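Okay, so here's the structure we're looking at.
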Amino acid sequence: MHRYRTHHCNELRVEHVGRTARVSGWIHRRRDHGQLVFLDLRDHFGLTQCVVDAEDDTFAAVEETRVESVVTVTGRVVRRDPETVNPRLPTGEVELRIDSFEVLSTAGVLPLQVNAEEDAGEETRLRYRFLDLRRERLHANIVLRSQVIASIRRRMTERGFMEFQTPILTASSPEGARDFLVPSRLHPGRFYALPQAPQQFKQLVMMAGYDRYFQIAPCFRDEDSRADRSPGEFYQLDVEMSFVEQEDVFAEIEPVLAGVFEEFSDRTVPRPFARIPWSEAMLRYGTDKPDLRNPLQIHDVSDIFDGSDFAIFAKTVAGGGVVRALPGPGCGSRAICDRMNAWAQSLGAPGMGYIILGEDGGRGPIASRLADAAVAEMRRRTGTGPGDAIFFAAGSEADAARLAGQARIRLGDERSLSETDTYRFCWVVDFPMYERDEATGTVGFSHNPFSMPQGGLGALETMDPLDVLAYQYDIVCNGVELSSGAIRNHLPDVMLKAFAIAGYTTADVEARFGGMLNAFRYGAPPHGGIAPGIDRIVMLIANEPNIREVILFPMNQRAEDLMMGAPGEVSDAQLRELHIRRNVRAAPTGGERP
RNA sequence: GGGGGUGUAGCUCAGCUGGUUAGAGCGCUGGCCUGUCACGCCAGAGGCCGCGGGUUCGAGUCCCGUCACUCCCGCCA
């Protein structure tokens, strides 16, 4: 008989009755009846009930071993009486009568309870991640993650993509997020950087002629975390293709994403994914990552208020601002509208105007200043009627869009308007190539500087840069941005011009992106790609609100690994070898850990 | 860097307008219990009320500071 087990803990069935079996695992739960003890033994696969009574030799040992200890149980598989069958367990028709009981590893009193639904605090969970991972939900999430990644690999390979590894130790990139730096022992004063993404490498793979590349790629960015953004590191499904236009990329990625989401969830994935121009997304949804499960849409009503008697909005429009209207189904009451207004003010907005709609037209301070025909026109545009309200966000185009967009989300949640059984994907396309930095007034890249401008060199030379669009797109699912992507700029002249508009000299570009720029001069195929976030994909499929729930060993919000103690101190000898000298003020004393 | 929330037993939390000995569930320890499956019943131990200062006759509760965790803004081309 095998030293540890003949069966795992989700294997024994009626057909095994009468045989002797051996199982090993953790003591999940014990039910002690004094003269009779039940033990639920747990391993990766499931639970098996073991039983022992007072006359057995092992009784005392079973009774005193604490939960989460690791034990090996050998015994006879017995059919349970019909009234004691547990239909909730796959192994619930049988149990194991304990003949021998061996403790392989004892557990102390637990800092968090593995067998309870109740969540411990984040700090405890992260410090004792190995215990947290034993719990059912988290354990299942990580299994799901493994299966999702395996499915993605299979789907990509079947489509003719090849998976390559790109360097982890590379050069610091001057744009974008903060880099993690790695000092060089051989080159005093010089540093590697961990890649923020394999962006330049994957483009070079295309120039090397491999045609279609993908990688489940680790990416490193030294930026602050969010609930949907893990600090430090994350994984992307990094993809690049040669000789393609935008729709070719969509045609490859759409079935992969839809297939994976359908394979691992019970929800529907409507196809084809909607294509929404960026400017339309900002107008209708007030965001560049719209949740299309929410049926509400925002409408521009600036023309109606232009020159109207409602002075605040008329002045806004006259000053170049806009007024946006959001339908509020069933919101036709003072209490609801006042609450929306107070909420808007809590966000720092001046307020949120409203019209309450009754059988006989509109009520409220705005409606009283407008002609009936104007109110009727707004009803028509927003599709509202008696019992509803229309909410208004006024201000600069960006401010009004943001407020209306947030109000749209809030109403959707509060009134439960959104679908709950769907993954609504969309492609947001036609992003602007440049944007004006509000603080400095300068023009900079709004997204990836390597994207191809629509209209090419001609557009860059003749158009207002702020009007130039890029072959730049996002894939969004249920309001979560999964990825940006682009058709790349593979033409050195266009690239130098594009960078010049953003304030970079040719020398700057050569110095910073020389490797790739040089490659463009020896025959570069037109190419493009995308890089959906793996962690966010799994998070959506697992229906988890926080990205830590789908990562084996996540760091906390301050980018610390509480279990391993990272980042940690290193020895003076290590630093000397790396030509590094500390330059930190004396650490404040009294820290809980060194 | 900024804003919000939280911090009370090993864990999850309650603790009112400041008031006498700070509670519950789970866990832990001991006892009882032969068909449970979140077993049940009885008893017990366990508290720097995050930390420091202040107001007050009196602070878990109010004020100031600080630390930690978390959510958000900035940031993430």
Side-chain angles (χ1 to χ4, degrees), chain A residues 28-41 47-56 59 63-64 66-68 78 80-89 91-92 95 97 107-128 131-132 173-179 196-197 199 219-232 234 346-348 402 406 431 433-435 437-439 444-451 470 472 481 484 486 498-499 502 504 512-513 533 545-546 548 556-558 560 562 588-593:
Chain A
H28 185 64
R29 191 171 272 127
R30 182 176 41 237
R31 292 173 293 280
D32 188 342
H33 291 242
Q35 303 298 303
L36 180 74
V37 176
F38 296 99
L39 211 64
D40 289 339
L41 201 66
L47 288 176
T48 296
Q49 173 167 289
C50 309
V51 62
V52 64
D53 74 35
E55 287 161 24
D56 295 323
F59 183 77
E63 212 178 16
E64 71 186 23
R66 225 195 299 272
V67 291
E68 294 307 311
V78 177
R80 297 200 205 178
D81 292 338
E83 63 271 23
T84 64
V85 162
N86 184 348
R88 295 201 304 277
L89 282 184
T91 59
E95 63 193 6
R97 295 290 302 203
V109 175
L110 300 167
L112 63 83
Q113 282 162 248
V114 173
N115 63 20
E117 292 288 315
E118 191 172 80
D119 247 348
E122 283 284 341
E123 191 170 3
T124 306
R125 293 183 59 199
L126 291 175
R127 194 179 291 276
Y128 298 95
L131 289 179
D132 199 18
S173 59
E175 289 293 308
R178 295 183 191 92
D179 285 316
Q196 297 179 21
Q199 179 66 35
C219 303
F220 306 90
R221 295 179 191 174
D222 188 3
E223 295 294 347
D224 292 342
S225 72
R226 288 287 184 276
D228 63 353
R229 205 166 78 198
S230 75
F234 60 97
S346 76
L347 294 180
R402 191 179 308 123
Q406 287 175 314
F431 274 78
M433 184 85 186
Y434 300 99
E435 65 190 2
D437 185 315
E438 296 294 339
F445 291 107
S446 70
H447 267 70
N448 189 322
F450 304 133
S451 300
Q472 166 86 43
E481 181 191 322
S484 282
F499 271 95
Y504 295 81
R512 292 172 165 182
F513 306 108
N546 192 297
R548 287 189 295 273
N556 69 4
Q557 185 161 38
R558 303 211 324 162
E560 296 168 302
L562 299 175
T589 51
E592 196 179 321
R593 25 181 201 286

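A quick note: this is a predicted structure, and the numbers were derived from the prediction, not measured. In what follows, chains are A, B, ... by sequence order, proteins preceding strands, each numbered from 1.
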Exceeds 12 heavy-atom contacts within 6.0 angstrom, atom CZ of F220(A):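 Atom CZ in F220(A) is crowded, with more than 12 foreign heavy atoms closer than 6.0 Å.
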Per-nucleotide protein contact string for nucleotides 5-11 of chain B (B base, S sugar-phosphate only, - none; heavy atom under 4.0 Å): -----BS
CA sep, side-chain torsions, deciding dist, call: D222(A), R178(A), salt bridge (charged side-chain N to carboxylate O under 4.0 Å, His left out): CA-CA 5 Å; D222(A) 188 3; R178(A) 295 183 191 92; 5.8 Å; no
Just the rounded figure in Å: distance from [atom2] of [N] to [atom1] of [X].
| X | N | atom1 | atom2 | answer |
| --- | --- | --- | --- | --- |
| L36(A) | C32(B) | CG | C1' | 15 Å |
| E64(A) | G31(B) | CD | P | 12 Å |
| E123(A) | U12(B) | CD | P | 10 Å |
| D32(A) | C41(B) | CG | P | 15 Å |
| R88(A) | C39(B) | CZ | P | 10 Å |
| H28(A) | U36(B) | NE2 | C1' | 14 Å |
| D228(A) | C75(B) | CG | C1' | 14 Å |
| R558(A) | C69(B) | CZ | C1' | 10 Å |

Please give the distance between the [atom1] atoms of [N] and [M] as a whole number of Å.
| N | M | atom1 | answer |
| --- | --- | --- | --- |
| A9(B) | G27(B) | C1' | 11 Å |
| U34(B) | C26(B) | P | 22 Å |
| A14(B) | C62(B) | P | 14 Å |
| C33(B) | G46(B) | P | 28 Å |
| G52(B) | C16(B) | P | 22 Å |
| C49(B) | G15(B) | C1' | 10 Å |
| G74(B) | A59(B) | C1' | 38 Å |
| C13(B) | C73(B) | C1' | 30 Å |

Donor on one side chain, acceptor on other, S446(A) and E435(A), under 3.5 Å: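 Their side chains do not contain a donor-acceptor pair, so the 3.5 Å distance test is not met.
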Residues D179(A) and Q196(A): side-chain donor-acceptor under 3.5 angstrom: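 Result is yes, a qualifying pair exists.
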Using a heavy-atom cut-off of 4.0 Å across all strands, would you classify [X] as base, sugar-phosphate, or nothing?
| X | result |
| --- | --- |
| R402(A) | nothing |
| E481(A) | nothing |
| R97(A) | base |
| A116(A) | nothing |
| N115(A) | nothing |
| F38(A) | base |

is_close_aromatic(F450(A), F513(A)), centroid dist under 6.0 Å: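 When the ring centroids of F450(A) and F513(A) are compared, they turn out to be within the sub-6.0 Å range.
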Nucleotide opposite [N] in a Watson-Crick or G-U pair, distances under 3.5 Å:
| N | answer |
| --- | --- |
| G1(B) | C73(B) |
| G19(B) | C57(B) |
| U66(B) | G50(B) |

Side-chain heavy atoms of L110(A) within contact of E68(A), under 4.5 Å: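 The answer is yes; the side chains approach within 4.5 Å.
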E63(A) and F59(A), any side-chain heavy atoms less than 4.5 Å apart: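 Yes. Closest side-chain heavy atoms under 4.5 Å.
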If you take atom types as modelled and just measure distance, does the side chain of [X] reach the base of [N] with a donor-acceptor pair under 3.5 Å?
| X | N | answer |
| --- | --- | --- |
| R229(A) | C75(B) | yes |
| R226(A) | G74(B) | yes |
| D81(A) | G35(B) | no |
| R80(A) | U36(B) | yes |
| E68(A) | G27(B) | no |

With a 4.0 Å limit, can you tell me whether [X] has a side-chain N or O closer than that to the phosphate oxygens OP1/OP2 of [N]?
| X | N | answer |
| --- | --- | --- |
| R66(A) | U29(B) | yes |
| Q196(A) | C76(B) | no |
| R31(A) | U36(B) | no |
| N556(A) | A68(B) | no |
| R29(A) | A38(B) | no |

Residue met sooner reading RNA chain B from 5', once V67(A) and V51(A) are mapped to nucleotides: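 Taking each residue's closest nucleotide, the earlier one in sequence belongs to V67(A).
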Residue closer to the 5' end of RNA chain B, R178(A) versus A227(A) (nearest nucleotide):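 The residue mapped nearer the 5' terminus is A227(A).
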Expected output: side-chain R221(A) to main-chain A177(A) donor-acceptor under 3.5 Å: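 Not at all, since once roles are kept as given, no pair shorter than 3.5 Å links the two residues.
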Salt-bridge contact D53(A)-R97(A) (side-chain N to carboxylate O under 4.0 Å):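 R97(A) and D53(A): salt-bridged.
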salt_bridge(R548(A), E122(A)) N-O dist < 4.0 Å: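 Yes, charged N to carboxylate O under 4.0 Å.
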Side chain of E55(A) - closest among U34(B), C72(B), C75(B):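 Within the option list, the nearest is U34(B).
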pi-stack flag for H33(A) and U36(B), centroid dist under 5.5 Å, interplanar under 30°: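 Answer is no, no stack.
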Identified side chain to side chain contact (heavy atoms under 4.5 Å, CB included) counterpart of R31(A) within the set L36(A), V37(A), D40(A):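 That would be D40(A); it is the only one of L36(A), V37(A), D40(A) passing the side chain to side chain contact (heavy atoms under 4.5 Å, CB included) with R31(A).
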